[in-house]
Number of protein chains: 2
Amino acid sequence: MLKRKSIPHITINRLSIYYRCLEKIVEAENKKDYYIISSSKIAEMTGINSAQIRKDLAYFGQFGKRGTGYYIKNLHIELRKILGLDKRWSVIIAGAGNLGQALVNYKGFKKRGFIIKGIFDNNPLSIGKKLDHVYIYDIEEMEKFIRKKNIMIGVLTVSANSAQEVANKMVKSGIRAILNFAPTHLILPPEIKLHNVDLSIEFESLTYYLSL
Amino acid sequence: MLKRKSIPHITINRLSIYYRCLEKIVEAENKKDYYIISSSKIAEMTGINSAQIRKDLAYFGQFGKRGTGYYIKNLHIELRKILGLDKRWSVIIAGAGNLGQALVNYKGFKKRGFIIKGIFDNNPLSIGKKLDHVYIYDIEEMEKFIRKKNIMIGVLTVSANSAQEVANKMVKSGIRAILNFAPTHLILPPEIKLHNVDLSIEFESLTYYLSL
DNA sequence: CACTGTGAACCCGTTCACAGCA
DNA sequence: TGCTGTGAACGGGTTCACAGTG
């Protein structure tokens, strides 16, 4: 795919929202008369400003027809390509705790091309068991596994204490992206894509606003 | 607490990061010679620009000493107050799926004052059971429960389809904040604090960058 | 006429740079 | 001197407004 200049990260996040919005329509669609959508209709469904939507889409091409709108199926397919969801992505999860389990069981992933190849933990009681048809392996075998299976994405659901160490192993074995759920600041080489999800922040900012 | 004008939401999120950073030091602290911290030290630990940190803190007061830095314990306590973490918050979770379970089991919540009072689900197989000492109730009883126990925060880990409906019930019963994990755009009265956490977005933006 | 695509204006968070102070 | 607090400059994402077009 082409390298385009300075597309805001938040635009990419919104593409994912548009994608799901269209997906919902495509899956519900029976009537043929509902195959076009306008930016203001998407705006209404997502709560995002319609000019914002048009600008976001315009980063990637001219998908719409002036005076008409966007062809739902076409835009859906384009977004899937842009987001890389037309490919398969091999994923491993480090940490077989509750969050790790929740992610393994999430049905939406397979549909979007994310294949969870293995879960890794250091707890002897977990190792060897299965979660939703995925084996839990000893974390000692993670590096070999990543290399052998050419894993692209590693998900960290381990404790904050061990997150950096486990991340280092992932990087050493050639992983290309890490989704970090541990509430800690990871330091990684710049070529590794790193996204952080911090659930505590969401709770703690809620209570700030409740305290006002 | 005083109402202050236009503090960016993202500043609140960062306060939560500073808070955890200080917490880590306070808990590890044995040596008395390590009781002051500079904004550049926090910057190093969190990856956030030091001017940003000083500006964020300055929204709420002058906590530092010029030429010296910030007293760790003092700043820790101030942040706790600002974030409302010195109070207890009654929480319920709607949806006893894997994510709901993961949240119930997360140890960090109790420490920060979040008390999970109940879990609600519509699955007869789950109702009546316990998750980590918290009962799972029939979702039909949720509204009564919220009113009776004066619940402040509702967490939505139900499906996207039912999220709006369950949220409406929460609002009707007097809940004041909702943390929504369902990948859908909720429409709520403006006085309800709403935060969304969308895990799919994080995965899908990763694959965008991997596809470049 | 309706709706997209987009330059320009706007707004606001970030970073700089330095005055203020221990 | 060292580090905070902060006005000012900067940068970039958002919104406006309208030209372009089916």
Side-chain angles (χ1 to χ4, degrees), chain A residues 4-18 21-22 25 33-76 78-79 82 185 201 205 208-209, chain B residues 4-18 21-22 25 33-76 78-79 82 185 201 205 208-209:
Chain A
R4 298 169 186 90
K5 87 170 214 299
S6 72
I7 295 169
H9 178 73
I10 198 168
T11 286
I12 308 305
N13 286 350
R14 283 191 300 260
L15 290 188
S16 169
I17 294 174
Y18 310 148
C21 172
L22 296 171
I25 298 169
D33 60 318
Y34 195 48
Y35 68 142
I36 277 179
I37 196 165
S38 65
S39 59
S40 44
K41 179 70 183 166
I42 301 177
E44 183 190 308
M45 294 177 71
T46 59
I48 296 167
N49 179 293
S50 69
Q52 183 78 80
I53 294 169
R54 294 197 300 278
K55 190 143 267 190
D56 284 341
L57 296 175
Y59 278 114
F60 299 94
Q62 309 203 154
F63 301 125
K65 287 246 182 300
R66 294 177 193 224
T68 310
Y70 301 90
Y71 290 99
I72 294 175
K73 277 191 178 168
N74 176 51
L75 188 56
H76 182 239
E78 291 291 348
L79 287 176
I82 293 167
H185 174 234
I201 288 179
S205 60
Y208 166 79
Y209 291 107
Chain B
R4 297 169 186 89
K5 86 170 215 300
S6 72
I7 295 168
H9 178 72
I10 198 169
T11 286
I12 308 304
N13 286 350
R14 283 191 299 259
L15 291 188
S16 169
I17 294 174
Y18 309 149
C21 172
L22 295 171
I25 297 169
D33 60 317
Y34 195 48
Y35 68 142
I36 276 179
I37 196 166
S38 65
S39 59
S40 44
K41 179 70 182 164
I42 301 177
E44 183 190 307
M45 293 177 70
T46 60
I48 297 167
N49 178 293
S50 69
Q52 183 78 79
I53 294 169
R54 295 196 299 278
K55 190 143 267 190
D56 284 341
L57 295 175
Y59 279 114
F60 298 94
Q62 309 203 154
F63 301 125
K65 288 244 183 299
R66 292 176 195 227
T68 311
Y70 301 90
Y71 289 99
I72 294 174
K73 277 191 178 168
N74 176 51
L75 188 57
H76 182 240
E78 291 290 348
L79 287 177
I82 293 167
H185 174 234
I201 289 179
S205 60
Y208 167 78
Y209 291 106

For atom CZ of Phe63(B) and atom C1' of dA22(C), their distance in whole Å: 19 Å
Nearest-0.5 Å distance, OH of residue Tyr18(A) to CD1 of residue Ile53(A): 4.5 Å
Interatomic spacing from CG in Leu57(A) to OG in Ser39(A) - rounded to 0.5 Å: 8.5 Å
Gap separating the CD1 atom of Ile7(B) from the CD1 atom of Ile12(B), nearest 0.5 angstrom: 5.5 Å
End axis versus end axis in the helix from dC1(C)-dG22(D) to dA22(C)-dT1(D), the angle rounded to 10°, five pairs used at each terminus: 10°
Value rounded to 0.5 Å, distance of CD1 in Ile72(B) from CG in Leu22(B): 7.0 Å
Touch class at under 4.0 angstrom, heavy-atom based, for Ser39(A) against every strand present: sugar-phosphate
Bounds of contact between DNA chain D and chain A, in 5' to 3' order, using a heavy-atom cut-off under 4.0 Å: dG13(D) to dG22(D)
Spacing of Lys65(B) atom NZ relative to dC21(C) atom C1', expressed in whole Å: 11 Å
Close side-chain approach of Leu15(A) and Tyr59(A), heavy atoms under 4.5 Å: no
Nearest heavy atoms of Ile36(A) and Gly69(A), plus distance in Å: CG2-CA, 4.3 Å
Ile48(B) CD1 to dG13(C) C1', straight-line distance once rounded to whole Å: 14 Å
Sorted by number, the residues of residues 10-17 of chain B with heavy-atom contact under 4.0 Å to DNA chain C: Ile10(B), Arg14(B)
Length of the line joining Leu57(A):CG and dC3(C):P, which is rounded to integer Å: 16 Å
Interatomic distance, Tyr208(A) atom OH to Ile201(A) atom CD1 [nearest 0.5 angstrom]: 15.5 Å
Partner of Tyr70(A) by side-chain contact (heavy atoms from CB on, under 4.5 Å), out of His76(A), Arg54(A), Glu78(A): Arg54(A)
Rounded distance in Å - CD1 (Ile36(A)) to C1' (dC3(C)): 11 Å
Short side-chain N/O contact to dC3(C) OP1/OP2 from Ser38(A), under 4.0 Å: no
Point-to-point distance, once rounded to the nearest 0.5 Å, from CG of Asn49(B) to NZ of Lys55(B): 11.0 Å
Side-chain heavy atoms of Ile25(B) within contact of Met45(B), under 4.5 Å: yes
Interatomic distance, Lys41(A) NZ vs dC3(C) C1' [rounded to whole Å]: 15 Å
Pairwise 5' ranking along DNA chain D for Lys55(A) and Ser40(B), keeping only the more 5' one: Ser40(B)
Beyond-backbone contact of Leu79(B) with Phe63(B), side-chain heavy atoms, under 4.5 angstrom: no
Along DNA chain D (nearest heavy atom to each residue), the more 5'-positioned of Gln52(A) and Arg66(A): Gln52(A)
Tyr18(A) OH to dT4(C) C1', straight-line distance once rounded to whole Å: 14 Å
Arg54(A) CZ to dA2(C) P, straight-line distance once rounded to whole Å: 15 Å
